[in-house]
Amino acid sequence: MTIEVDYRFPPGVDAERQGKVIAIGQTAGTWDARFSHREEIMRSHLGEVIEIKTEEKGESIATVRFPEINVENDISSLLTMIFGKYSMAGVGKVVGLRLDENYGKFPRFGIGGIRKLLKVYNRPLIMAIYKPALGLSATDHANILEQVALAGLDIIKDDEIMADLEVAPTLKRLEACYPILERVKQETGRTVLYAVNVTGSATELIKKAKILVENGANALLLNVLTYGFSVLEALAADSDINVPIFAHPAFAGAMCASPDTGLAYSVVLGTLMAHGGADAVLYPAHYGSLPFDAVEEGKIRDILRSRNVFPVPSAGIHPGIVPQALKDYGNDVILNAGTGIMDHPENPGAGVKAFFEALERCENQESFELEKVPAGALRQALEKWGTK
């Protein structure tokens, strides 16, 4: 089994030469006669350039094949090998990564498992984000949860900025919200997932995650890129943390936004997350509030689904974009809204209802032109946010 990586270089850079630098320098390196007795073994660790392509704009892509014996079936050693030291060498961007399907971890739940938990199989899932991001008390969280959960929401998550802060400590938030989750289940038979943001130093974070699950947490949110892929892998592998893990893309821009350096969003938020054990991955939608490329978004969607990981387009999602989202994603998607639910003109519960009204209109192939939408939660949302 091998690992293949595509490195893109701007015009004027000798891609073949740089590919060889990577293939040798990021693997066994060079040796002299002193190690002739080890040459066969050392050669088995060398990477090799297997293809050079030139694109229309003059950029070149060098594809390097790496032996899988060089890594530990995890993301950290993989990143160290394919782009560790070379990431500081100047221009050159990782734009593709192909791994054996058994490399790393599969999601414990993924699309099928999350649907089974929620008992929702034939439509997109609707997810909300607590807003304001900071300053809410634990009681505030519970009050908001009550409104949106009783309105039919499937999943709610902490904002990624909300850490274990004095204003509303993580366990206190869960303790306040857990009775609401239980009440909804008893009254309606529905399960609502609350993805609690788990934070802290590496050892404390794992301990905290276990405590949260012991106290009723039924999902976790992790800022994977700031806390590290090894933390994601540890959470995904721990039998005591038997809940879905929602991976947040915070910090991805620092790794991916440059056109000539770093890694492509589809590599970081697609391939690495999918092989790191995430059950669902958040990332910007190209029609949302953050600038994002539609092609990269499509690659992320397809990579995640290929490993049964739920795609979660986010950032600026509101009821008016539901037709476009369904066109792009179909049913296997989690539509994740913050202000698009919490800032509904009536209340957050109406924000949830607006999404379900939008799904119903799409199913019935009904127009989203404002004058054709009857009075109600969806019309209020369209009046505020429009359809773009």
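Just so we're clear, the structure is a prediction, and the values are computed from it rather than from any experiment. Every heavy atom of this structure was used, including side-chain atoms; hydrogens, water molecules and symmetry mates were not.
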Rounded to the nearest 0.5 Å, how far does [atom2] of [Y] lie from [atom1] of [X]?
{"X": "Met273", "Y": "Ile245", "atom1": "CE", "atom2": "CD1", "value": "11.5 Å"}
{"X": "Leu153", "Y": "Phe356", "atom1": "CG", "atom2": "CZ", "value": "7.0 Å"}
{"X": "Leu46", "Y": "Thr27", "atom1": "CG", "atom2": "OG1", "value": "4.5 Å"}
{"X": "Leu171", "Y": "Glu214", "atom1": "CG", "atom2": "CD", "value": "10.5 Å"}
{"X": "Tyr130", "Y": "Asp158", "atom1": "OH", "atom2": "CG", "value": "7.0 Å"}
{"X": "Met127", "Y": "Leu125", "atom1": "CE", "atom2": "CG", "value": "10.0 Å"}

Whether the side chain of [X] engages the backbone of [Y] through a donor-acceptor N/O pair (distance < 3.5 Å, no angle test) should be reported.
{"X": "Thr226", "Y": "Asn223", "answer": "yes"}
{"X": "Glu296", "Y": "Tyr265", "answer": "yes"}
{"X": "Ser87", "Y": "Gly84", "answer": "yes"}
{"X": "His318", "Y": "Gly288", "answer": "no"}
{"X": "Gln26", "Y": "Thr80", "answer": "yes"}
{"X": "Asn336", "Y": "Ile317", "answer": "no"}
{"X": "Asp140", "Y": "Ser137", "answer": "yes"}
{"X": "Asp279", "Y": "Phe310", "answer": "no"}
{"X": "Glu233", "Y": "Gly276", "answer": "no"}
{"X": "His275", "Y": "Gly104", "answer": "no"}

Take a 6.0 Å sphere around [atom1] of [X] and say whether it holds more than 12 heavy atoms from other residues, nucleotides or ligands.
{"X": "Lys172", "atom1": "NZ", "value": "no"}
{"X": "Lys353", "atom1": "NZ", "value": "no"}
{"X": "Lys131", "atom1": "NZ", "value": "yes"}
{"X": "Glu166", "atom1": "CD", "value": "no"}
{"X": "Glu383", "atom1": "CD", "value": "yes"}
{"X": "Arg38", "atom1": "CZ", "value": "no"}
{"X": "Glu360", "atom1": "CD", "value": "no"}
{"X": "Glu72", "atom1": "CD", "value": "no"}

State plainly whether the residues [X] and [Y] are in salt-bridge range, i.e. N to O under 4.0 Å.
{"X": "Lys208", "Y": "Glu204", "result": "no"}
{"X": "Arg301", "Y": "Glu297", "result": "no"}
{"X": "Glu40", "Y": "Arg43", "result": "no"}
{"X": "Arg183", "Y": "Glu146", "result": "yes"}
{"X": "Asp332", "Y": "Arg115", "result": "yes"}

Go through the steps for Tyr103 and Val71 under the test side-chain contact (heavy atoms from CB on, under 4.5 Å), then give the verdict. CA-CA 10 Å; Tyr103 191 93; Val71 289; 3.4 Å; yes
In this structure, would [X] and [Y] fall into the same cluster of hydrophobic residues linked by side-chain contacts under 4.5 Å?
{"X": "Val192", "Y": "Phe355", "answer": "yes"}
{"X": "Tyr283", "Y": "Met255", "answer": "yes"}
{"X": "Ile156", "Y": "Leu174", "answer": "yes"}
{"X": "Phe246", "Y": "Leu212", "answer": "no"}
{"X": "Leu225", "Y": "Ile303", "answer": "no"}

Is the shortest side-chain heavy-atom distance between [X] and [Y] below 4.5 Å?
{"X": "Ile144", "Y": "Leu136", "result": "yes"}
{"X": "Ser230", "Y": "Asp74", "result": "no"}
{"X": "Asp260", "Y": "Lys93", "result": "no"}
{"X": "Leu78", "Y": "Leu99", "result": "yes"}
{"X": "Tyr227", "Y": "Leu235", "result": "no"}
{"X": "Asp343", "Y": "Lys384", "result": "yes"}
{"X": "Arg305", "Y": "Tyr329", "result": "yes"}
{"X": "Leu359", "Y": "Pro124", "result": "yes"}

Distance-minimising heavy-atom pair for [X] and [Y]:
{"X": "Gly25", "Y": "Lys85", "value": "O-NZ, 4.3 Å"}
{"X": "Asn242", "Y": "Ser239", "value": "CB-O, 3.9 Å"}
{"X": "Ala62", "Y": "Phe9", "value": "CB-CE1, 4.0 Å"}
{"X": "Asp164", "Y": "Pro169", "value": "OD1-CA, 3.4 Å"}
{"X": "Val312", "Y": "Ala280", "value": "CG2-CB, 3.9 Å"}
{"X": "Asp154", "Y": "Arg190", "value": "N-NH2, 4.3 Å"}

What orientation do Tyr86 and Phe83 show, parallel under 30°, tilted 30 to 60°, or perpendicular over 60°? tilted
Hey, mind stepping through Lys119 and Thr191 against side-chain contact (heavy atoms from CB on, under 4.5 Å) and telling me if it holds? CA-CA 8 Å; Lys119 299 178 182 176; Thr191 294; 6.0 Å; no
Stepwise, does the side-chain contact (heavy atoms from CB on, under 4.5 Å) test hold for Met162 with Leu134? CA-CA 6 Å; Met162 186 58 178; Leu134 298 175; 3.7 Å; yes
Tell me, with the steps shown, if Thr63 and Arg98 meet side-chain contact (heavy atoms from CB on, under 4.5 Å). CA-CA 10 Å; Thr63 299; Arg98 290 172 293 283; 3.6 Å; yes
